[in-house]
S.K.: 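A single structure is presented below for examination.
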Amino acid sequence: MAEATKLSVVSSDRVNEGSAPARRMGLRYGFNEINGWWHLSEGPHGAEIRRRLQLMDTRLVRIFVFDPQVPDPFADWRSFSVYVQGVLDAGALPMITFARFGPPFDGAHQIHSFVARCREIVWGAIEQWGGDRVKDWFWCIWNEPNNPIIGGGLTYEQYLRIYVEVATCIHAQLAPYLGGQKARIGGPAIDGNHRAYWMDWIARLVEDVDDHLLGFVSWHRYGDWRPAVTSRSLGLEMWGAPDAPLGPTLEALLMAQLPEFEARARGVARLLKGRDILNICGELNTISHHENYYTLGLNQNIFGAAFYISALINLIRGGADAEMRWTATAHGDDAYGLLSMRGEPTPAALAKQIFAQHVRFGDLVRCPLAPRDHPEIDAIMAESADGRLSAVFVNTSRGPVVLDVAEWGGALASCDGILHLDAGTGGRVLRAPFDGTVRLDGYGLAIVSNRAAATTID
């Protein structure tokens, strides 16, 4: 093994040099749930899937309506309601997403019909679960309207008309139950990978929509959309884009995209300043494709684990209010699901499971910066009101790294345990006493804590 690089993290004062001041962690963890909805909701391993989601502190789950991969609520309300109930049973709030209708997108009849169908679903939810509960749900209007393949390739003006009419309809039904609370209605679930000027949509929506009709904005970000193998081997049309570099070069390129999560979250936050509008990264993953032959496991393996946890740290640092990974549960052997349809965790799932137990909503967090010659290290420190103290270190490089923490001092001296999940642990989380040194064998993460012994790692 190559000689490990040593990174000194010394006294608590020096740890925080050049980093943002401590603040409350405001990121809500979440998922999209689409192909695997049945396994979550009523499959034989649903209880285990829901247990895992709770360990990952899942607070939001995006549910799609009018999508062929999920139950049609008009043809099969029972299955759709079971889909919703599975999310509620996991302790999360649903984000009901009214995905789309067919062109023409500015046709009065099409819009009127779409609004009527959305109205029926909101009404049905209130009838079944009660307005006092449904008022807290999230409602997303459309999915990637700027993407011709996914969302139809609408103009902003077409989308704005649809948004206002649907949002007005939803708000009217929720209004009797809100009691001064803001309805969490939002969009545009914008494609931020394939299309230029995606942030225009958010800036204009914030300007054009009345405050009571806009409770969140949503944007999507993946590391890349291109395959991890040559396009020729798959017979793909690349639409003028070059093949991605392969192997270690692709891995380095993907990891180099991670600071974009912070930058985008921070940019959107500036557009929302002074408004009660949540900033949501509504889809994220390493490579945006559902086949393993396309991604070579980079969404789910230990590489995917390091990518995802680093993305979460960058979103926290950037001030995002929620993240929603694509996706929670696999259906068959897909390359997206964090959990198998039997509830078995991928390395990426285990990484989030331990991270979410140590960096939680409401914690006091600091994001210390690694030394300038070690940009591969992402770190966050979190302290809870009941005294839990944890430090998370992520290695986004192939090479081993040693973190020398002998001089930490202060309250961090109370940390007595360490959790490891990296390229050398065989896809398992290992727990050991903390002796002042952290070693990461390639991609992965380590968590030093005074509550390591209480962490669920199975």
S.K.: Under the criterion salt bridge (charged side-chain N to carboxylate O under 4.0 Å, His left out), I'd like the reasoning laid out for Asp276 against Arg184: C-alpha separation, chi angles, the key distance, then a yes or no.
M.R.: CA-CA 10 Å; Asp276 181 17; Arg184 291 302 175 189; 3.0 Å; yes

S.K.: So Phe303 and Phe307, would you call those rings parallel, tilted or perpendicular, with 30° and 60° as cut-offs?
M.R.: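 Parallel, since the angle between the ring planes stays under 30°.
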
S.K.: Hey, could you give me the CG/CG distance between Asn314 and Leu27, rounded to the nearest 0.5 Å?
M.R.: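 If I round to the nearest 0.5 Å, the distance is 11.5 Å.
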
S.K.: Any ion pair linking Arg398 and Glu251 (charged N to carboxylate O, less than 4.0 Å)?
M.R.: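 Yes, Glu251 and Arg398 are salt-bridged.
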
S.K.: Is it true that Arg28 and Asp57 make a salt bridge, defined as a side-chain N closer than 4.0 Å to a carboxylate O?
M.R.: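 Salt bridge absent between Arg28 and Asp57.
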
S.K.: Side chains of residues 256-269: which donor-acceptor pairs under 3.5 Å do they make with residues two or more places apart or in other chains?
M.R.:
from	atom 1	to	atom 2	distance (Å)
Gln257	OE1	Arg221	NH2	3.2
Gln257	NE2	Leu253	O	3.1
Glu260	OE1	Arg264	NE	3.0
Glu262	OE2	Arg266	NH2	2.7
Arg264	NH1	Gly192	O	2.7
Arg264	NH2	Gly192	O	3.1
Arg266	NH2	Arg317	O	2.9

S.K.: In a check of side chain to side chain donor-acceptor pair (under 3.5 Å) between His39 and each of His45, His331, Arg342, which one passes?
M.R.: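 One option only clears the test, and that one is His331.
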
S.K.: Name the orientation class of the two ring planes belonging to Tyr336 and Trp326 (parallel below 30°, tilted from 30 to 60°, perpendicular beyond 60°).
M.R.: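 Perpendicular, since the angle between the ring planes exceeds 60°.
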
S.K.: Below 4.0 angstrom, N of the basic side chain to O of the carboxylate: do Arg226 and Asp243 qualify?
M.R.: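 Here Arg226 does not pair with Asp243 in a salt bridge, since their nearest N and O are not under 4.0 Å apart.
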
S.K.: Let me know which of Asn292, Asn285, Leu339 forms a side chain to side chain contact (heavy atoms under 4.5 Å, CB included) with Gln300.
M.R.: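 In the set Asn292, Asn285, Leu339, the residue that makes a side chain to side chain contact (heavy atoms under 4.5 Å, CB included) with Gln300 is Asn292.
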
S.K.: Can you find a side-chain donor-acceptor pair between Arg119 and Gln173 that sits under 3.5 Å?
M.R.: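 Result is no, nothing qualifies.
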
S.K.: Using 4.0 Å as the upper bound for N to carboxylate O, is an ion pair formed by Asp89 and Arg51?
M.R.: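 Salt bridge between Arg51 and Asp89, a charged N being under 4.0 Å from a carboxylate O: no.
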
S.K.: Is Glu157 paired with Arg204 through a side-chain N to carboxylate O contact shorter than 4.0 Å?
M.R.: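 A salt bridge links Arg204 with Glu157.
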
S.K.: Is the charged tip of Arg325 near the ring of Tyr308: under 6.0 Å from the six-membered ring centre and within 45° of its axis?
M.R.: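 Checked: cation-pi criterion met.
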
S.K.: For the residue pair Gln85 and Ser41, establish whether any side-chain heavy-atom pair is separated by less than 4.5 Å.
M.R.: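 Result no, sub-4.5 Å side-chain heavy-atom pair not found.
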
S.K.: Report yes if the side chains of Ile280 and Phe138 come closer than 4.5 Å at any heavy-atom pair, otherwise no.
M.R.: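 Of all side-chain heavy-atom pairs linking Phe138 with Ile280, at least one is under 4.5 Å.
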
S.K.: Would a 4.5 Å heavy-atom cut-off, applied to side chains only, mark Leu421 and Ile457 as touching?
M.R.: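 Answer no - side chains too far apart.
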
S.K.: Mind checking whether Trp142 and Phe114 have parallel, tilted or perpendicular rings, split at 30° and 60°?
M.R.: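 If you compare the ring of Trp142 with that of Phe114, the planes turn out perpendicular.
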
S.K.: Mind checking whether Ile316 and Met25 have side chains closer than 4.5 Å, heavy atoms only?
M.R.: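 Of all side-chain heavy-atom pairs linking Met25 with Ile316, at least one is under 4.5 Å.
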
S.K.: Could you tell me whether Glu42 and Arg78 make a salt bridge, using a distance below 4.0 angstrom between a side-chain N and a carboxylate O?
M.R.: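 A salt bridge links Glu42 with Arg78.
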
S.K.: Which word best sums up how the rings of His171 and His212 line up, parallel for under 30°, tilted for 30 to 60°, or perpendicular for over 60°?
M.R.: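 His171 and His212: perpendicular rings.
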
S.K.: Can you give each donor-acceptor pair under 3.5 Å made by side-chain atoms of residues 62-72, sequence neighbours left out, with the distance rounded to 0.1 Å?
M.R.:
from	atom 1	to	atom 2	distance (Å)
Arg62	NE	Thr97	OG1	3.1
Arg62	NH1	Asn32	OD1	2.9
Arg62	NH1	Glu283	OE2	3.1
Arg62	NH2	Asn143	OD1	2.6
Asp67	OD1	Gln69	N	3.0
Gln69	NE2	Asn35	OD1	2.9
Asp72	OD1	Phe74	N	2.9

S.K.: When you compare the side chains of Tyr83 and Asp76, does any donor N or O come within less than 3.5 Å of an acceptor on the partner?
M.R.: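 No, no side-chain donor-acceptor contact under 3.5 Å.
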
S.K.: Using ring-ring contact (aromatic ring centres under 6.0 Å, His included), reason through Trp219 and Trp201 one step at a time and then give a plain yes or no.
M.R.: CA-CA 10 Å; Trp219 48 278; Trp201 291 63; over 10 Å; no

S.K.: Under 3.5 Å, is there a donor on one side chain and an acceptor on the other for Thr329 and Glu33?
M.R.: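 The criterion, which ignores hydrogens and geometry beyond distance, is satisfied for Glu33 and Thr329.
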
S.K.: Give a yes or no on whether a salt bridge exists between Lys352 and Glu323, defined as a side-chain N under 4.0 angstrom from a carboxylate O.
M.R.: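 Here Lys352 pairs with Glu323 in a salt bridge, since their nearest N and O are under 4.0 Å apart.
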
S.K.: What class does the angle between the rings of Trp139 and Phe98 fall in, given that below 30° is parallel, 30 to 60° is tilted and above 60° is perpendicular?
M.R.: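 Correct class here is parallel.
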
